[in-house]
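Report on the structure given below.
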Amino acid sequence: MAQPPVLLKDMKLMDVKLGQLGSWLAMRDFTPRGILGAMRRGYDRYYNKYINVRKGGLGGISMLLAGYIVLSYAWSYSHVSK
């Protein structure tokens with residue numbers, strides 16, 4: 001049996017065709033509440049994939065540390081480049 005078509009607003013970004021990208025972006029919620037919700041979902045996905053695992057390793061923590069190092073370097077780049 002064929003699956004029913006998915007509505008454009010329910011599609012993930014990787015499933016959207018290039019011609020549909022403009023209308024897909026118009027359906028997104030760009031209010032502060034929507035942006036915070038997206039950030040929360042991203043954090044939850046990261047936490048469940050790298051931190052909250054049965055047999056953990058250093059992968060998730062090292063990615064977080066590397067991100068912090070790159071961000072702090074970017075913040076202080078003007079002071080470092082002089």
Side-chain angles (χ1 to χ4, degrees):
M1 253 170 66
Q3 294 190 3
V6 180
L7 295 175
L8 185 61
K9 70 175 187 171
D10 296 332
M11 283 187 177
K12 294 181 181 178
L13 177 60
M14 296 302 292
D15 298 332
V16 175
K17 300 209 180 334
L18 194 56
Q20 300 170 328
L21 187 60
S23 57
W24 182 84
L25 280 172
M27 292 183 193
R28 299 295 101 195
D29 185 13
F30 289 109
T31 62
R33 186 175 184 178
I35 293 171
L36 286 175
M39 291 174 66
R40 175 65 190 217
R41 285 190 304 274
Y43 172 77
D44 287 342
R45 287 184 67 190
Y46 170 81
Y47 181 80
N48 288 325
K49 187 172 183 179
Y50 294 108
I51 306 298
N52 190 21
V53 293
R54 286 187 195 161
K55 194 174 184 183
L58 293 176
I61 302 295
S62 62
M63 284 175 54
L64 194 63
L65 182 61
Y68 172 73
I69 290 170
V70 168
L71 190 62
S72 65
Y73 180 78
W75 282 335
S76 63
Y77 182 74
S78 62
H79 299 293
V80 174
S81 64
K82 290 182 181 181

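For Arg40, the salt bridge (Lys or Arg N to Asp or Glu O under 4.0 Å) partners are Asp44, not counting sequence neighbours. By the salt bridge (Lys or Arg N to Asp or Glu O under 4.0 Å) test, Asp15 pairs with no residue at all, sequence neighbours left out. Scored by the side-chain hydrogen bond (donor to acceptor under 3.5 Å, both in side chains) test, Arg45 finds no partners at all (sequence neighbours excluded). Here Thr31 pairs with Asp29 under the side-chain hydrogen bond (donor to acceptor under 3.5 Å, both in side chains) rule; sequence neighbours left out.
Neither Leu18 nor Met14 shares a network with the other; the hydrophobic side chains, linked directly or stepwise wherever heavy atoms of I, L, V, M, F, W or Y lie under 4.5 Å apart, form separate groups for each. Residues Tyr68 and Leu64 do not share a hydrophobic cluster, defined by chaining ILVMFWY side chains whose heavy atoms lie under 4.5 Å apart. Ile69 and Met63 end up in different hydrophobic clusters when Ile, Leu, Val, Met, Phe, Trp and Tyr side chains are linked at under 4.5 Å.
The hydrophobic cluster around Leu71 extends to Trp75, counting ILVMFWY residues whose side-chain heavy atoms fall within less than 4.5 Å of a member. Cluster partners of Val70 are absent, since no Ile, Leu, Val, Met, Phe, Trp or Tyr has side-chain heavy atoms less than 4.5 Å from it.
Around atom OH of Tyr43, no more than 12 heavy atoms belonging to other residues, nucleotides or ligands sit under 6.0 Å away.
When every heavy atom of Leu8 is checked against every heavy atom of Met27, the shortest pair comes out as CD2-CE, 3.9 Å. Between Trp24 and Val16, the shortest heavy-atom contact is CD1-CG2, 3.5 Å. When every heavy atom of Phe30 is checked against every heavy atom of Ile35, the shortest pair comes out as O-CD1, 3.7 Å.
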